[in-house]
Amino acid sequence: MARIQGSERLKKRVRAALTAPHLAAFLPAVMIFAYWYGGEHLMVFVAILFPGLLAVGGALTRPSPRTGAVKDPTTGLPFRPKLIAQLDHGFESNAEYEKSCLILEIDDFQKLSAHLGAAGMHQVLATLSDRVRAALRETDLVCFLDTGRFGISIDKRQRADLEATLQLAARLQAAVSEPISIDQTRVLLSSCIGFALPSRAPEATGEALFAAAESALDVALLGGPGSVRAFSNGMATRVGRCEHNRVDLSRALDTGEMLPWFQPQVCVKTGRITGCEALVRWQHPTMGLIAPGAFLPAIAKAGLMERLGQVVLFGALSALRDWDLQGAKIPTVAINISADELNDPSLSEKIKWELDRFDVQPERLIIEILENVIAQTEDDVARHNIHALAKMGCKIDLDDFGTGNASIASIARFDVHRIKIDRSFVTHIDTDSDQQNMISAILTMTRQLAVGTVAEGVETHGEFTKLVELGCQYAQGYSIAKPMPAHAFADWARAHEPKNIQPNTFPKLA
Ligand code: C2E
Ligand code: CA
Ligand code: CA
């Protein structure tokens, strides 16, 4: 460390000498001397060489940003070495308190960066660092790690056990989830947290405690957005950000490890189940249940999106047939169609063939297409597919509405059945008047277009009630039920049959 600092100091001095403005004043004198000593040729040579030497010298002695910077300029937070030193100190005999380590990662950070750009991200990170700091004690330490991660060391005072750390994690997540205003846009974020208590560290070092918190975060990320995990001894080795390879993914698709789970959609007025959405899950042999956010990018990279689509369609239609046979009344099932699938010229034919095979009426199959995919659909193949599916009788739902930029013309052109209002507009709708105004505007527009509305990500009773009041038609979210396997869904649906539900009542919580 001392050697690095010494060499940085030397570089700084040489650079200052080479780039000082008065050095340029010597140039004419040097040229005259060269002309007098060696004639025209030497003068030209020196005229090129002298400024060149200054430029090269200046560049070579430029300070290296990593070793120079002590704090991140955006957040004003220190980096990882400071965190490790603080965690190390917690294991020393003279330390007042032991330290626990938490790592918080903003969900969908890459997508967010692409959406907001550098200036927007600057504002997001600066706001979040203030909030995270405000949620902690003065003596706790927050560091900026890398893309969208904050590392935290907290004093393990009395009763700072598992329960208390879980509560702190929930407070940090709540602080992150408060809306952030950027120009005219409101950004709503969620985060995952992994943490490790000192008593669980594999070794009594800051590095080991930090690595344990990273392992816990890796497991949290597999659980999907908003997950929290504590490091346990069973997690001894770091899972790592899994780069699932094509062979594993193909095997999982072929052997039934990847299957759709189902989340109900209900009519907000009557509470009746109007259908469900098929959402893929990977029951991994060693890692347990994995949410799609953790493996869909790998599926796309491996070119397996179409194969996934087949697996989910097959699973969804088999489930619908089984539920019919069991007498469970599930009117529709919705599947998510990716842009890759939509560009397959035989997509509508394949879907028709499967519907015939399972003897399911096309009206019972809902095709969910992302708003930003439909907005960019100038492509003939995708357009043909959407029109062919609609003509066949399938319904088209516009997914994640409000996050893309589909025009009113494209909603009309594609004969959209319903729009699914993205969770970011639904969160806090019962308490936040800006959110209410936004949803009211969307509902006015959909009424004029004679398009239905489904609110996504309805997490609380309060949000559900507000949606009823504002006139939204359908709802889907954890407050009604989380996604579940096909067999569990049939049981859940039976427990919610219409005889149990009075009009205008909130469906029983799962
Ligand atoms: P999506 O289509 O917007 O699906 C809704 C996501 O929100 C699901 O996440 C669901 O579990 C989650 N969710 C539902 N209710 C709530 C709630 O009240 N609160 C919160 N915080 N979340 C809620 P999931 O299952 O992790 O899926 C994530 C995304 O992965 C989906 O977003 C969809 O874009 C994609 N996906 C899932 N299955 C498939 C599939 O079979 N094919 C394709 N192409 N994409 C899929
Ligand atoms: Ca969807
Ligand atoms: Ca959605």
Side-chain angles (χ1 to χ4, degrees), residues 107-108 111 173 176-177 188-192 220-228 249 252-253 258-266 275-282 289-300 304-317 319 332-344 347 366-374 395-404 418-429 453-464 467 474-485 489 509-510:
D107 293 326
D108 291 329
K111 214 165 117 187
Q173 286 185 313
V176 169
S177 72
L188 287 158
L189 302 174
S190 61
S191 55
C192 282
L221 293 170
L222 295 178
S227 305
V228 177
L249 295 165
L253 283 164
M258 276 185 203
L259 282 177
W261 282 30
F262 301 89
Q263 186 178 33
Q265 298 173 340
V266 299
C276 59
E277 178 176 4
L279 294 158
V280 67
R281 296 289 180 270
W282 184 1
L289 192 69
I290 311 183
F295 63 87
L296 279 184
I299 293 256
L304 289 168
M305 275 321 262
E306 288 178 27
R307 176 80 190 107
L308 172 77
Q310 288 166 359
V311 167
V312 172
L313 178 64
F314 183 90
L317 295 180
T332 61
V333 64
I335 54 166
N336 291 280
I337 297 283
S338 64
D340 284 0
E341 290 168 86
L342 215 50
N343 285 320
D344 168 8
L347 175 76
I366 297 176
I367 308 289
E368 292 196 11
I369 303 175
L370 290 171
E371 186 194 17
N372 61 9
V373 172
I374 231 168
K395 305 274 188 260
I396 310 293
D397 276 3
L398 199 55
D399 204 357
D400 292 1
F401 184 81
T403 62
R418 301 183 299 186
I419 64 161
K420 296 191 77 180
I421 305 172
D422 190 65
R423 181 165 71 89
S424 55
F425 295 96
V426 174
T427 308
H428 305 319
I429 191 183
T453 41
V454 189
E456 287 196 275
V458 185
E459 287 190 349
T460 65
H461 191 167
E463 288 169 358
F464 191 97
L467 288 163
Y474 307 95
Q476 177 181 344
Y478 294 169
S479 65
I480 301 154
K482 288 192 167 180
M484 54 196 123
F489 191 85
L509 296 184

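All ligand and atom numbering here is 1-based and tracks the order in the structure.
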Subject >> Nearest-neighbour protein heavy atom for atom 43 (C) of ligand 1, which is reported as residue plus atom name and distance >> reply: N336 CB, 3.7 Å
Subject >> Interatomic spacing from CG in L221 to CD1 in I290 - rounded to 0.5 Å >> reply: 11.5 Å
Original post:
So does E368 have any N/O/S atom less than 3.0 Å away from the Ca ion (ligand 3)?
Top reply: no
**OP:** Check the side chains of D340 and S338 for a donor-acceptor pair under 3.5 angstrom, ignoring hydrogens and angles.
**Re:** no
Subject >> Atom indices of ligand 1 within 4.0 angstrom of E459 heavy atoms, with elements >> reply: 17 (C), 18 (O), 19 (N), 20 (C), 21 (N)
**OP:** Give the minimum heavy-atom separation between Q265 and Q476, together with the two atoms involved.
**Re:** NE2-OE1, 2.9 Å
Original post:
Got an N/O contact under 3.5 Å between S479 and ligand 1?
Top reply: no
Original post:
Mind checking whether L279 has an N or O less than 3.5 Å away from an N or O of ligand 1?
Top reply: no
Subject >> Pair D107, S190: side-chain N/O donor-acceptor within cut-off below 3.5 Å >> reply: yes
Subject >> Nearest non-hydrogen protein atom, atom 18 (O) of ligand 1 >> reply: Y478 N, 2.8 Å
Subject >> Close side-chain approach of E368 to E277, heavy-atom, < 4.5 Å >> reply: yes
Original post:
Shortest non-hydrogen contact from P264 to M484?
Top reply: CD-CE, 4.0 Å
Subject >> Pair L342-I369, side chain to side chain contact (heavy atoms under 4.5 Å, CB included): steps then yes or no >> reply: CA-CA 9 Å; L342 215 50; I369 303 175; 4.0 Å; yes
**OP:** For ligand 1, indicate whether the residue L370 contacts it via side chain, backbone, both or neither (heavy-atom separation under 4.0 Å).
**Re:** neither
Subject >> Any protein heavy atom < 4.0 Å from atom 25 (O) of ligand 1 >> reply: yes
Subject >> Angular separation of OE2 (E277) and OD2 (D399) seen from the Ca ion (ligand 2), to 10° >> reply: 180°
Original post:
Counting from 1, what ligand 1 atoms have a heavy atom of M305 closer than 4.0 Å?
Top reply: 44 (N)
Subject >> Where ligand 1 meets E456 - atom numbers and elements under 4.0 angstrom, heavy-atom basis >> reply: 3 (O), 5 (C)
Original post:
Touching ligand 1 at all, P483? Heavy atoms, strictly under 4.0 Å?
Top reply: yes
Subject >> Sub-4.0 Å atoms of ligand 1 with respect to non-hydrogen atoms of D400 >> reply: 3 (O)
**OP:** Answer yes or no for atom 15 (N) of ligand 1: protein heavy atom present at a distance under 4.0 Å?
**Re:** yes
Subject >> Rounded distance (nearest 0.5 Å) linking atom CG of L253 with atom CH2 of W282 >> reply: 8.5 Å
Subject >> Separation between OG of S177 and CG of L189, rounded to the nearest 0.5 Å >> reply: 8.5 Å
Original post:
Any ion pair linking D397 and K420 (charged N to carboxylate O, less than 4.0 Å)?
Top reply: no
**OP:** Report yes if some N/O of E368 lies less than 3.5 Å from some N/O of ligand 1; otherwise report no.
**Re:** no
**OP:** Please test L289 against W261 for side chain to side chain contact (heavy atoms under 4.5 Å, CB included), starting from the C-alpha separation and ending with a verdict.
**Re:** CA-CA 11 Å; L289 192 69; W261 282 30; 3.4 Å; yes
Original post:
With a 4.0 Å cut-off on heavy atoms, does R281 reach ligand 1?
Top reply: yes
Original post:
Counting each atom of ligand 1 from 1 as listed, which ones have a heavy atom of V312 under 4.0 Å away?
Top reply: 41 (O)
**OP:** Please confirm whether the backbone N or O of E459 pairs with a side-chain atom of E463, one donor and one acceptor, at under 3.5 Å?
**Re:** yes
Original post:
Would you say atom 6 (C) of ligand 1 has a protein heavy atom nearer than 4.0 Å?
Top reply: no
Original post:
Nearest protein heavy-atom contact for atom 39 (C) of ligand 1: which residue, which atom, what distance?
Top reply: V280 CG1, 3.8 Å
Original post:
At a 4.0 Å threshold, what atoms of ligand 1 neighbour a non-hydrogen atom of E277?
Top reply: 2 (O), 4 (O)
**OP:** Return yes when at least one N/O/S atom of D400 is nearer than 3.0 Å to the Ca ion (ligand 3), and no when none is.
**Re:** yes
**OP:** Give the atoms of ligand 1, by number and element, whose distance to some non-hydrogen atom of L296 is under 4.0 Å.
**Re:** 30 (O), 35 (C), 36 (N), 45 (N), 46 (C)
Subject >> Closest candidate by heavy atom, reference atom 28 (C) of ligand 1, pool G224, S190, A481, P292 >> reply: P292
Original post:
Within a strict 4.5 Å, meaning less than it, do heavy atoms of the D422 and F425 side chains meet?
Top reply: yes
Original post:
With atoms numbered from 1 as shown, which atoms in ligand 1 lie under 4.0 angstrom from a non-hydrogen atom of G477?
Top reply: 15 (N), 18 (O)
Original post:
Is atom 9 (O) of ligand 1 less than 4.0 angstrom from some protein heavy atom?
Top reply: no
Subject >> Test item: T427 side-chain N/O and S424 main-chain N/O as donor-acceptor pair under 3.5 Å >> reply: no
Original post:
Is the shortest side-chain N to carboxylate O distance from R423 to E456 below 4.0 Å?
Top reply: no
Subject >> Sub-4.0 Å protein heavy atom near atom 22 (N) of ligand 1 >> reply: yes
